[in-house]
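The structure displayed is predicted, hence computed values, not measured ones. Each chain gets a letter, A, B and so on, in the order its sequence line appears, and its residues count up from 1.
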Amino acid sequence: MKKDDVFEFFRRLAEENPSPETELEFGNHYQLLVAVVLSAQATDVGVNKATRKLFAEVKSPQDMLELGEEGLKEHIKSIGLFNSKASNVIALSEMLLAEHGGKVPEDRDALVELPGVGRKTANVVMNCAFGAETFAVDTHIFRVSNRTGLAKGKTPLAVEKKLEKVVPQPFRLGAHHWLILHGRYVCKARKPECWRCQVAELCSYKSKNLSED
DNA sequence: CTCCCGATAT
DNA sequence: ATATCAGGAG
């Protein structure tokens with residue numbers, strides 16, 4: 001995608017949604033970290049449904065260890081991959097207490113050390129909690145970047161590196177949210193709604209769905 | 001690469 | 001019935 005088109009791409013998304021935020025619900029950094037770990041291969045709606053009750057009683061790593069792994073499983077059993085997620089969240093909470101004073105670290109190297117936290121989750125926490133200009137390439141951003149021609153790459157990391165290069169200011173802080181929301185509601189995996197897409201004319205997607213069913 | 005793994009939309 | 005959902009670990 002040409003440089004001017006990239007600017008126009010984000011200008012249009014920003015015009016519609018001036019201050020995009022995550023749709024995951026949380027009250028502090030620790031809850032944000034847990035919510036993002038739970039959101040792997042699951043919908044935000046499904047995660048929020050479970051964390052609403054969980055976070056009413058669990059607000060810190062101490063609270064989580066008091067609840068225990070089996071107690072946590074009861075809360076998150078409606079989410080996919082709940083066995084490994086419960087195990088990771090307990091281990092992650094222990095590590096926060098043992099090595100970080102119970103607080104969520106700000107740097108990627110420390111975040112990725114935590115069980116269940118990979119590069120994408122680390123980038124989300126850095127952006128949402130600490131205002132870092134990171135690009136968390138999840139399934140939506142990977143699809144939208146490749147499909148539109150904004151940043152093509154064979155792996156999430158390759159797409160992230162390209163986004164680092166092509167996304168201009170003043171859009172770098174919000175870019176990952178604009179892309180994810182666009183992917184969730186317009187540029188969807190199954191049935192992309194190109195007829196109401198704000199950036200369709202800037203897009204390289206060949207088989208556009210330009211008619212409304 | 002495979003496994004994990006329930007809810008929802010199509 | 002099956003694809004998809006804010007992926008990560010072995």
Side-chain angles (χ1 to χ4, degrees), chain A residues 13 17 20-26 29-55 69-70 72-95 104 108-130 132-147 150-151 153-160 163 173-194 207 209 211-213:
Chain A
L13 295 180
N17 186 355
E21 293 176 355
T22 177
E23 296 186 326
L24 291 169
E25 297 171 6
F26 63 97
H29 290 171
Y30 173 69
Q31 291 183 343
L32 168 65
L33 174 61
V34 173
V36 179
V37 169
L38 295 179
S39 71
Q41 295 294 288
T43 61
D44 281 15
V45 173
V47 172
N48 289 336
K49 195 179 298 182
T51 57
R52 223 118 56 195
K53 288 175 67 179
L54 174 66
F55 290 165
E69 187 166 333
E70 293 309 312
L72 175 57
K73 281 184 185 179
E74 288 305 310
H75 279 275
I76 67 171
K77 64 176 186 252
S78 64
I79 305 174
L81 316 180
F82 67 93
N83 276 307
S84 49
K85 285 174 182 176
S87 171
N88 283 331
V89 167
I90 294 298
L92 161 165
S93 301
E94 290 172 342
M95 193 175 296
V104 177
R108 183 181 290 131
D109 290 341
L111 283 166
V112 173
E113 285 294 311
L114 299 168
V117 178
R119 189 180 180 90
K120 173 256 161 181
T121 297
N123 283 344
V124 174
V125 170
M126 290 165 69
N127 180 272
C128 295
F130 304 116
E133 294 176 352
T134 51
F135 303 92
V137 181
D138 68 337
T139 180
H140 296 298
I141 296 186
F142 186 75
R143 179 181 65 253
V144 172
S145 298
N146 276 299
R147 185 183 275 168
L150 171 68
K154 292 181 179 177
T155 67
L157 183 58
V159 169
E160 181 184 336
L163 288 172
L173 182 61
H176 111 256
H177 281 130
W178 282 308
L179 290 171
I180 211 171
L181 293 172
H182 186 62
R184 184 175 296 162
Y185 297 114
V186 181
C187 194
K188 301 186 291 185
R190 284 235 189 151
K191 211 178 72 174
E193 303 182 359
C194 304
S207 46
N209 301 312
S211 58
E212 183 175 355
D213 290 292

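Between A:Gln31 atom CD and C:dA6 atom P there is a gap of 20 Å when expressed in whole angstrom units. Between A:Arg184 atom CZ and C:dT4 atom P the separation is 16 Å, expressed in whole Å. Taking atom CG of A:Asn123 as the reference point, atom C1' of C:dG7 lies 13 Å away to the nearest angstrom. At whole-Å resolution of the value, CD1 in A:Ile180 and C1' in C:dG7 are 12 Å apart. Put simply, NZ on A:Lys73 is 8 Å from P on B:dC5, counting in whole angstrom units.
Among the heavy atoms of the strands, none lies under 4.0 Å from A:Val36. Residue contacts shown for A:Ala189 are limited to sugar-phosphate atoms, with no base heavy atom under 4.0 Å away. Within 4.0 Å of A:Lys85, counting heavy atoms only, lies no atom of the nucleic acid at all. Looking at heavy-atom distances under 4.0 Å, A:Val117 makes contact with sugar-phosphate atoms alone, never a base. A:Gly46 comes within 4.0 angstrom of no nucleic acid atom, judged by non-hydrogen atoms across all strands. Among the atoms of the strands shown, only primed sugar atoms or phosphate atoms (P, OP1, OP2) are found under 4.0 Å from some heavy atom of A:Thr121. Nucleic acid contact class of A:Leu24 (heavy atoms, under 4.0 Å, all strands): base.
For A:Lys188 and A:Leu81, each mapped to the nucleotide of DNA chain B holding its nearest heavy atom, the one lying further toward the 5' end belongs to A:Leu81. Place A:Phe82 and A:Lys49 on DNA chain B by their nearest nucleotides, and A:Phe82 ends up nearer the 5' end. Each of A:Val45 and A:Glu113 has a nearest nucleotide on DNA chain C; the 5'-most of these lies closest to A:Val45. Toward the 5′ end of DNA chain C lies the nearest nucleotide of A:Val124, the other residue of the pair A:Val124 and A:Gly116 mapping further downstream.
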List the steps, then state whether side chain to side chain contact (heavy atoms under 4.5 Å, CB included) holds for A:Glu193 with A:Tyr185. CA-CA 8 Å; A:Glu193 303 182 359; A:Tyr185 297 114; over 6 Å; no
CA sep, side-chain torsions, deciding dist, call: A:Leu111, A:Val104, side chain to side chain contact (heavy atoms under 4.5 Å, CB included):
CA-CA 8 Å; A:Leu111 283 166; A:Val104 177; 4.0 Å; yes
Using the rule given for side chain to side chain contact (heavy atoms under 4.5 Å, CB included), can you reason through A:His177 versus A:Asn17, listing the C-alpha separation, both sets of side-chain angles and the distance that settles it, and then say yes or no?
CA-CA 10 Å; A:His177 281 130; A:Asn17 186 355; over 6 Å; no
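Atom P of C:dA6 sits at a distance of 14 Å from the matching atom of B:dT10, rounded to the whole Å. Taking atom P in both B:dA7 and C:dG8, one finds a spacing of 23 Å when rounded to whole Å.
Among the candidates A:Asp44, A:Thr51, A:Val34, the single residue satisfying the side-chain contact (heavy atoms from CB on, under 4.5 Å) test with A:Leu24 is A:Asp44.
Distances were taken from every side-chain heavy atom of A:Ser84 (C-beta onward) to each of B:dA7, B:dC4, C:dC5; the shortest belongs to B:dC4.
Phosphate contact (OP1/OP2 of C:dC5, side-chain N/O of A:Thr139, threshold under 4.0 Å): present. Between A:Lys120 and C:dC5 there is no side-chain polar atom (N or O) within less than 4.0 angstrom of OP1 or OP2. The side chain of A:Asn83 places an N or O atom within less than 4.0 Å of a non-bridging phosphate oxygen (OP1 or OP2) of B:dC5. For A:Arg190 and B:dA9, the shortest distance from a side-chain N or O to OP1 or OP2 is not below 4.0 Å.
Using modelled atom types, one finds a donor on one side chain and an acceptor on the other under 3.5 Å when comparing A:Glu160 with A:Asn123.
Remark: side-chain polar atoms of A:Arg119 are not paired, donor with acceptor, to backbone N or O of A:Arg108 under 3.5 angstrom.
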